[in-house]
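Labels below follow one simple rule: chain letters A, B, ... track the order of the sequence lines, proteins then strands, and each chain is numbered from 1.
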2 protein chains.
Amino acid sequence: MTVEKSTVGRVTVKLDPSDHKRLRALATTRKRTPHYLMKEAIHAYIEQAEVEQAVLEIVDDSAAHFEATGLHITFNEVKDWAKRLKTDRNAKLPECHI
Amino acid sequence: MTVEKSTVGRVTVKLDPSDHKRLRALATTRKRTPHYLMKEAIHAYIEQAEVEQAVLEIVDDSAAHFEATGLHITFNEVKDWAKRLKTDRNAKLPECHI
DNA sequence: CCAGTTGGATGACC
DNA sequence: GGTCATCCAACTGG
């Protein structure tokens, strides 16, 4: 309507034909459009990258504590923690228990 | 090299200005060009996506076993296993020990 | 300086 | 919304 100026942010990404092909294949498998996956890829990458730095510091520091104390945590707790990091970057690891 | 120049991979991804801005900020922090990160993002996404399906199946099946037996594994082992999955999708979880 | 490649935006078409 | 094509600016190797 009203010949509006969409001018939505388009960014031309130059990727290898191999990547493009795999992207399309993935989209077909997921019943999604390749473009949707590209947006997801960029969006996810940014979120991960921003959280990445925080994770590396927390993990490295916490991991050393686990090995030093010899404590163990359940695999389920590790997964839960990792998922919470994506939405709560200040989420710390749960209590360590034998 | 077959003088062929058939439109090298150019994929225009329409993303929000917020994503584009964050992408540029990330590139500046990493001392890389924004475009390079975009390629990396798509490439990494494909690799992860292909392995994702395998991980979900293995994790779900293995996780149930951990909870059922009540066994625990070290956090370090979980990290090592996750990293190996990216290059070895048939890598199974290490021995469970109390 | 020119050619090839990367890096980035825009217009057009489906 | 999704996809392709073309042009442009900059850096790089010869």
What distance separates A/L23 CG from A/H35 NE2, expressed to the nearest 0.5 Å?
->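 Spacing of CG (A/L23) from NE2 (A/H35) equals 10.5 Å.
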
Rounded to the nearest 0.5 Å, how far does OG1 of A/T33 lie from CZ of A/R24?
->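 Spacing of CZ (A/R24) from OG1 (A/T33) equals 9.5 Å.
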
Kindly give the heavy-atom pair with the smallest separation between B/P34 and B/A27, and that separation in Å.
->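 The pair with the smallest heavy-atom distance is N-CB, 3.4 Å.
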
Where does the chain B footprint on DNA chain D start and end, counting 5' to 3' with a 4.0 Å heavy-atom cut-off?
->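 Range of nucleotides touched by chain B: D/dG2 to D/dC7.
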
May I have the distance from A/R10 (atom CZ) to C/dA12 (atom P), rounded to whole angstrom?
->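 One finds 10 Å between P of C/dA12 and CZ of A/R10, rounded.
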
For B/T28, enumerate each residue passing the side-chain contact (heavy atoms from CB on, under 4.5 Å) test, keeping only those at least two apart in sequence or located in another chain.
->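 Expected list: none.
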
Any residue meeting side-chain contact (heavy atoms from CB on, under 4.5 Å) with B/T12, in chain and number order, not counting sequence neighbours =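 By the side-chain contact (heavy atoms from CB on, under 4.5 Å) rule, B/T12 matches A/R10, A/T12.
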
Heavy-atom contacts under 4.0 Å between residues 11-24 of chain A and DNA chain D, which residues?
->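 Heavy-atom contacts with DNA chain D come from A/T12, A/H20, A/R24.
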
Pair up each side-chain donor or acceptor in residues 37-46 of chain A with any protein partner under 3.5 Å, not counting sequence neighbours, and list the distances.
{"residue": "A/H43", "atom": "ND1", "partner": "B/D19", "partner atom": "OD2", "Å": "2.8"}
{"residue": "A/H43", "atom": "NE2", "partner": "A/E47", "partner atom": "OE2", "Å": "2.8"}
{"residue": "A/Y45", "atom": "OH", "partner": "B/R30", "partner atom": "NH1", "Å": "2.9"}

